[in-house]
Amino acid sequence: MSDSAPEAGSEPTSAPRRDFIRELVADDVANGHFGRGPATRFPPEPNGFLHMGHAKSICLNFGIAREFGGTCNLRFDDTNPATEDVRYVEAIQRDVQWLGFQWDNLFFASDYFEKLYDIAESLVLKGKAYVDSQNEEAIRAGRGTVTTAGTPGPYRDRTVEENLDLLRRMRAGEFADGTHVLRAKIDLAHANMIMRDPLLIRIRHAHHYRRGNDWCIYPLYDFAHGLSDAIEGITRSLCTLEFKDSREIYDWLVKEAGFEQPPTQIEFARLELDYTILSKRKLLRLVNEGHVTGWDDPRMPTIAGLRRRGVRPEAIREFCETIGVARKDARVEIAAFEHAVRNDLNSDVPRVLCVLNPLKVVLTNYPEDVVEDLDAPSFPHDVPKTGSRRMPFSRELYVDRDDFMEDPPKKFYRLAPGKEVRLRFGYLITCNDVVKNDAGEVIELRCTYDPATRSGQAPDGRKVQGTIHWVSAAQALSCEVRVYDRLFSQPDPDAVPEGQDFIAALNPQSLVVIADAKIEPSVANDPIGSRYQFERTGYFMSEVESSTPEKLVFNRIVGLRDSWAKEVKRG
RNA sequence: UGCCCCUUAGCUCAAUUGGCAGAGCGUCUGACUCUGACUCAGAAGGUUCUAGGUUCGAUUCCUAGAGGGGCAACCA
């Protein structure tokens, strides 16, 4: 490399942001630290569906493998027979692939049980582990507290022979659950609670979704995780901050097990999102208690829920990139996610007109039996895509109730008595009369159109401030629109008064179903699952699970930015 | 009365390793516009948690303190 000015075109391809983890991996590659290429893994327990927090981890682990020419495994950390299920294994694989990633190897920690057992025996042989036969309470008491040291129990100094015999009989299934555990022999007074003779293996006579009933001694996380990484030749084991204290036992175990150049654990902050909960345990509660329709409810922050809602994997990946990776707890604004979703859809999906809350408009000076076809481009001028559709126009139309006010405030650009607006892709119309029912509710607007303004422009040069969306009443399709909003009504759903929990923070308006919205007929033959921007409203997708040829059902993916709503809110 | 981690703009993160504190999102203003969208331009927003110390120079190194978080599951 010379010091001379870079030549045109030699500009480095705008390097992606380097977080502290990527810096380390880049250093590994440059210096050949592990004697092998970068190897990561994504290690979910198959006890629930993947959510945005997992997406962050997936983008990190698979992204690093991709960027540095390394490998990334999908490993199921299935060491707890009580909570796991094939159903989750299948859902997780589908979600990872949908996000756009493919694993180099598919592994299961439950395939390592024999290897882990062999390591357990070797630890016993070295006097580094022992079988403890105290009950659960005694073990807990013997561990001490964060401020007081623990004390050795009565079985801590069993002979190697006795430990080996008991361990083998544990494996043979001779003992009941809870009668014995294998513990590492480290230090009951260790400053790090994790290191106070951590439990390695416990007895569970239970059905495991993959092992059936053939195995009854299950390794615990601390024992299984690091050794599984080491068995797979992982170089950097990425996990979240709460495992910080586990790193010490991780290092202890891979060293005692004799791995050369073992993996190193690196911790990063787990994702927290405004107005959202990202905890499998709590999400499971929402499912089980029926607050949502399932793991794939479009309001859920799960990958399956977001997919069903209409969010695309590109948006999730872009979001994960913008939030970065750091070593401190972080709560990300939901606005950042919504921005990524809009940004992804804006340049790609066609525009369409849909009236969510129909209000009839009769054009009193338009002939009764005429239907015109108006040409409507499907993309705005700044989206480099072509295409258009025909929109029928007639005497009776629908516009959105939000676009009319009988007594509007200043700066209301839409329809009001005596005011003129432009119909998108169509004529200028002026509101003359307001028809009300007995209850005093507005049920119809009587307007006149200016026949000279079919182009949307007035020949005399007069300007209108507002352009509103509309559909022709006779040709419009009736459809159902599900307007989804945040699942929780406060930024931190756990910040509820004493005695309540996050359930109390649920947003009662998180789903508003509009049974009879009116959409332009051009969408009739589009495949179900198509995404659109409903102009001036938001992004929507017809839902495969609910739509029928007779009646389309649309999910709102995300609303458009709405500076008028902000103006109104400000008063 | 323990151990460990964290603290830079409203939010998320940078700062080439001790050298003029920046970016994206958000907010506000303006331009453009047949979407109050998009796009573009601009602005506001900082005692870098506090107090000392080292240094010509500290966001960066040291000490103490404050605030936040994690660890005492036979869960992961």
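Letters A, B, ... mirror the listed sequences (proteins, then strands); counts begin at 1.
- Side chain of A/Arg143, nearest nucleotide from B/rU12, B/rG70, B/rC74: B/rC74.
- One can place CD of A/Glu333 at 13 Å from C1' of B/rC13, the figure rounded to the nearest angstrom.
- Between A/Arg204 and B/rC75 there is a side-chain polar atom (N or O) within less than 4.0 angstrom of OP1 or OP2.
- Across B/rU1, B/rU35, B/rC11, the shortest atom-to-atom separation from the side chain of A/Arg351 is found for B/rU35.
- The pair A/Arg327-A/Glu267 does not count as a salt bridge, with every side-chain nitrogen at least 4.0 angstrom from each carboxylate oxygen.
- With sequence neighbours excluded, the residues satisfying side-chain contact (heavy atoms from CB on, under 4.5 Å) with A/Leu560 are A/Gln533, A/Tyr539.
- In this structure, A/Met193 atom CE and B/rC5 atom C1' are separated by 18 Å, rounded to whole Å.
- Evaluation of atom-type donor-acceptor distances gives a pair under 3.5 Å for the side chain of A/Gln533 against the base of B/rU35.
- To the nearest whole angstrom, the two C1' atoms, one in B/rU48 and one in B/rA43, are 22 Å apart.
- For B/rU17, the base is syn relative to its sugar; the glycosidic angle is within 90° of 0.
- The side chain of A/Ile323 approaches B/rU12 more closely than any other nucleotide in the set B/rC74, B/rA72, B/rU12.
- Distance from the side chain of A/Thr467 is smallest to B/rC34 among B/rC3, B/rC34, B/rC71.
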Practice prompt. Represent RNA chain B in dot-bracket notation, 5' to 3'. Only Watson-Crick or G-U wobble pairs with both distances under 3.5 Å count; pseudoknot-style crossings use [ ] and interstrand partners use |.
Written response: .((((((..((((.....[..)))).(((((.......))))).....(((((..]....))))))))))).....

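- Here the nucleotide nearest the side chain of A/Asn80, chosen from B/rA73, B/rC75, B/rU35, is B/rC75.
- Residue A/Phe243 places its side chain closer to B/rA76 than to any other of B/rC4, B/rA37, B/rA76.
- The side chain of A/Lys328 contributes an N or O atom lying less than 4.0 Å from OP1 or OP2 of B/rU8.
- In this structure, the nucleotide among B/rU35, B/rA72, B/rG26 sitting nearest to the side chain of A/Arg561 is B/rG26.
- You'll find a donor-acceptor pair under 3.5 Å spanning the side chain of A/Asp245 and the base of B/rG70, going by distance alone.
- Taking every side-chain heavy atom of A/Thr147 into account, B/rG2 is the closest of B/rG2, B/rA76, B/rA72.
- The number of heavy atoms from other shown groups lying within 6.0 Å of CZ (A/Arg156) is above 12.
- Comparing atom distances between the A/Lys566 side chain and each of B/rC71, B/rA73, B/rU27 picks out B/rU27 as nearest.
- Relative orientation of the A/Phe393 and A/Trp470 rings is perpendicular, given thresholds of 30° and 60° on the angle between their planes.
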